[in-house]
Amino acid sequence: MKKTLIAATVLLTTGLCGAVIAGSSHDNPPPRERGFERMADELQLSDEQKAQLEQIREEEHEKLKTLREESKARFDAVLTAEQRQKMEELHEQRRERMEERRAGREGREHHKRCEDSTN
C-alpha cells in the first residue's frame, strides 16, 4: 500500500510539474494541488499522511529540478553554440504552443462555467 501511494504521488508530481512551474492565472488552485486533493479524498488520507506525502512530493520536485539542470548542462557541453541557440528557439516555440493550448482550455472552461451558471 505504501509503495502504491508513493508511486502514485511520484507520477502525479511528474505529470503536473510543468503546470506548477507555469503557475495559474486565476483563483483556482494549480492542477498539481487539485490532483493531490482529489487523490487524498479518494484514499481518505489522514492529515499526517497528507503531510508525509507532501514532503515526499517536495523532495521529488527538488530532485527533478536538479536532474533537469544537470541534463541541460550535459546537453550544452555536447552541442555547438548554434545548436544550443536552435534548441532554445525550439523550447520557446514549445512553451508558446503550450501557453496557447492552456489559454484555449481555460477559455473553454470559463465559457462552460458561465453556461452552467445560467442554466
Side-chain angles (χ1 to χ4, degrees):
M1 175 71 171
K2 200 177 216 181
K3 288 181 182 180
T4 302
L5 288 176
I6 292 171
T9 302
V10 170
L11 288 173
L12 178 66
T13 302
T14 303
L16 298 175
C17 190
V20 171
I21 291 169
S24 180
S25 62
H26 45 77
D27 293 334
N28 292 336
R32 177 178 186 246
E33 293 305 317
R34 289 192 310 260
F36 181 76
E37 287 303 317
R38 274 195 306 271
M39 180 186 75
D41 288 345
E42 287 290 323
L43 297 175
Q44 299 177 343
L45 299 179
S46 68
D47 289 341
E48 182 180 345
Q49 287 174 311
K50 287 180 189 179
Q52 290 173 346
L53 291 177
E54 185 60 38
Q55 178 64 35
I56 292 168
R57 292 170 71 206
E58 291 303 318
E59 290 169 5
E60 291 301 316
H61 177 73
E62 288 303 314
K63 287 179 185 178
L64 289 170
K65 181 179 175 183
T66 300
L67 180 61
R68 281 190 305 273
E69 290 168 356
E70 290 172 356
S71 293
K72 183 182 183 325
R74 291 175 65 195
F75 269 72
D76 288 349
V78 172
L79 300 175
T80 66
E82 293 86 17
Q83 290 169 328
R84 283 192 300 272
Q85 172 80 26
K86 180 66 175 179
M87 187 170 71
E88 285 301 318
E89 291 171 9
L90 293 171
H91 284 167
E92 183 59 32
Q93 290 171 5
R94 182 172 177 249
R95 279 190 288 273
E96 289 171 4
R97 285 193 308 270
M98 286 174 50
E99 193 61 38
E100 289 170 6
R101 285 194 303 267
R102 181 179 298 117
R105 184 173 52 246
E106 289 173 355
R108 287 190 303 274
E109 289 172 358
H110 176 73
H111 181 71
K112 184 176 182 337
R113 283 192 303 269
C114 290
E115 284 181 345
D116 290 347
S117 66
T118 60
N119 291 335

Q.
I'd like to know if Glu37 pairs up with Arg34 as an ion pair, taking the criterion as any Lys NZ or Arg NE/NH1/NH2 lying under 4.0 Å from an Asp or Glu carboxylate oxygen.
A. no

| Should we count CD of Glu48 as having more than 12 external heavy atoms under 6.0 Å? | no

Q) Does Lys63 come within less than 4.0 Å of Glu60, counting only side-chain N to carboxylate O? A) yes

Q) Between Gln85 and Glu89, does a side chain to side chain donor-acceptor pair (under 3.5 Å) hold up when you go through it step by step? A) CA-CA 6 Å; Gln85 172 80 26; Glu89 291 171 9; 3.3 Å; yes

task = Take Thr80 and Gln83 through the test side-chain contact (heavy atoms from CB on, under 4.5 Å) and record every step on the way to the result.
result = CA-CA 5 Å; Thr80 66; Gln83 290 169 328; 3.2 Å; yes

Taken to the nearest 0.5 Å, the spacing of Arg102 CZ from Glu100 CD works out to 11.5 Å

State whether the side chain of Gln49 and the backbone N or O of Ser46 hold a donor-acceptor pair below 3.5 Å, judged by distance alone.
yes

Residues Lys50 and Leu45: closest non-hydrogen pair is CE-O, 3.9 Å

Side chain to side chain contact (heavy atoms under 4.5 Å, CB included) filter on Glu88, not counting sequence neighbours, yields Lys72, His91, Arg95

Practice problem: With side-chain contact (heavy atoms from CB on, under 4.5 Å) as the test, would you mind laying out the steps for Thr66 and Glu70 before giving the verdict? | Solution: CA-CA 6 Å; Thr66 300; Glu70 290 172 356; 3.5 Å; yes

dist Glu54:CD -> His61:NE2 (nearest 0.5 Å) comes out at 10.5 Å

What one should report as the nearest heavy-atom pair of Leu53 and Met39 is CD1-CE, 4.2 Å

Q: Tell me, please, whether Phe75 has Arg84 positioned over its six-membered ring: NZ or CZ under 6.0 Å from the ring centre and within 45 degrees of its axis?
A: no

